Amino acid sequence: MSRRDYLANLRAATPAVYPSMLMCDFGHLKDEVDRLESAGAQVLHLDVMDGHFVPNLSYGLTLVEAFAGITRLPLEAHLMISNPGDYIERYFQAGASSLIIHAEAVERPRPLLEKIRDLGAVAGLAINPPTAADTIRDCLDVCDQVLVMSVMPGFGGQEFDRVALDKLRAVRKMAGPDLLLEIDGGVNQATVGESVAAGAQLLVIGSGIFKHHDYQAALRQLTAQAHQN
Ligand code: DX5
Ligand code: ZN
């Protein structure tokens with residue numbers, strides 16, 4: 001499928017809940033993914049942390065490859081790493097069809113976003129809670145997706161920061177209607193509604209799914225709530 005068609009499919013399937021796999025049971029990866037897939041997950045969100053850009057280390061290429069080997073669901077790599085430019089190609093080859101880099105990690109995101117698009121992947125740019133929406137204005141024409149963080153990245157299970165809501169609205173105003181808007185961090189049953197109301201189309205959810213025994217029920221309920229807005 002072409003990049004263009006893939007993006008059109010992603011847009012058509014919004015609002016959508018993308019499970020963040022940070023808190024899954026890595027000893028039973030295939031079961032975990034199968035459960036989410038049969039509950040309607042469309043994309044898996046993979047949190048890559050380097051212990052440098054963020055104060056936590058999660059996983060890297062090997063695990064992205066492992067996910068790619070056990071599911072046909074598209075994978076989105078959220079690169080919380082200091083030198084994303086050195087790794088973009090490798091994460092794409094490992095199986096990620098969307099690559100999200102952080103605006104705070106590089107001086108000039110533009111060439112990296114262009115590189116991601118040239119590879120045929122979806123180009124995403126993330127901003128942390130203290131980063132103003134205006135700082136990415138000049139890059140929006142080369143972004144397919146903007147990820148507004150509603151926690152400081154590094155850990156799952158943190159409290160939702162409402163600063164993300166105004167920022168979603170600000171990014172939508174600056175960008176055209178085709179840009180995909182995503183929110184990540186502390187999204188759960190209590191915050192999913194206001195996130196969608198502020199313009200989030202893609203809702204990354206970790207503990208809101210994985211802290212429940214029945215992941216499928218949690219995912220279905222969160223998706224239904226997102227559609228009510
Ligand atoms: C935070 C990660 C998130 C996080 C989501 O650094 O980018 O994807 O794990 O988990 P919850 O939903 O628990 O905040
Ligand atoms: Zn994430």
Side-chain angles (χ1 to χ4, degrees), residues 10 15-26 29 32-33 36 39 41-60 63-64 67 73-82 84 87 91 96-105 116 122-131 143-165 167-168 180-196 200-213 215 218-223 225-226:
L10 292 184
V17 174
Y18 289 2
S20 152
M21 304 307 288
L22 198 57
M23 290 184 175
C24 77
D25 177 354
F26 288 98
L29 211 51
E32 297 283 80
V33 170
L36 296 169
Q42 296 159 24
V43 171
L44 301 181
H45 177 91
L46 305 183
D47 289 301
V48 176
M49 303 180 183
D50 67 353
H52 186 261
F53 177 69
V54 288
N56 192 17
L57 196 63
S58 59
Y59 52 77
L63 217 69
V64 174
F67 276 106
L73 289 178
L75 305 174
E76 159 175 288
H78 177 191
L79 301 178
M80 290 164 272
I81 62 178
S82 287
Y87 295 95
Y91 278 97
S97 24
S98 301
L99 292 159
I100 302 167
I101 61 167
H102 265 267
E104 301 82 6
I116 295 171
V122 171
L125 186 60
I127 46 175
N128 285 341
T131 304
C143 281
D144 300 310
Q145 186 170 325
V146 165
L147 169 54
V148 176
M149 292 300 302
S150 34
V151 298
M152 274 308 277
F155 302 92
Q158 301 183 73
E159 203 181 320
F160 187 79
D161 186 339
R162 291 201 152 60
V163 74
L165 299 173
K167 226 184 284 183
L168 285 166
L180 278 164
L181 275 183
E182 182 171 40
I183 190 164
D184 182 5
V187 182
N188 54 34
Q189 287 172 11
T191 52
V192 68
E194 53 190 331
S195 300
V196 175
Q201 298 158 291
L202 312 176
L203 305 134
V204 178
I205 305 186
S207 48
I209 294 172
F210 288 97
K211 76 171 185 201
H212 296 281
H213 175 69
Y215 302 168
L219 177 55
R220 287 197 184 106
Q221 194 192 332
L222 288 159
T223 306
Q225 271 187 270

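Note that the structure is a prediction, hence the values are computed from the model and not measured. Start at 1 and go down the list; that is how both ligands and their atoms are numbered.
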Checklist line | For H212, side chain to side chain donor-acceptor pair (under 3.5 Å) partners two or more places apart | finding: none
Next item on the list: Give a yes or no answer on whether the side chain of K211 reaches the backbone of M23 with a donor-acceptor pair at less than 3.5 Å.
Entry: no
Next item on the list: Determine yes or no for a side-chain-to-main-chain donor-acceptor pair under 3.5 angstrom, with Q201 supplying the side chain and L181 the backbone.
Entry: yes
Notebook entry, point to check: When the ring planes of F26 and F67 are compared, do they come out parallel, tilted or perpendicular, using 30° and 60° as the limits?
Noted result: perpendicular
Check: Would you say the side-chain atoms of Y18 and E182 include a donor-acceptor pair closer than 3.5 Å?
Finding: no
Using side-chain heavy atoms (C-beta onward) and a distance below 4.5 Å, is [X] in contact with [Y]?
X    : Y    : answer
L168 : I183 : yes
L22  : F155 : no
V151 : D161 : no

Next item on the list: Identify, with sequence neighbours excluded, every residue that meets side-chain contact (heavy atoms from CB on, under 4.5 Å) alongside F53.
Entry: D50, M80, S82, H102, E104, A105, N128
Next item on the list: With 2.8 Å as the limit, jot down which protein N, O or S atoms are around the Zn ion (ligand 2).
Entry: H45 NE2, D47 OD1, H78 ND1, D184 OD2
Item checked: Residue shell around ligand 1, heavy atom under 4.0 angstrom -> S20, L22, H45, D47, M49, H78, M80, M149, P153, G154, F155, G156, G157, D184, G185, G186, V204, I205, G206, S207
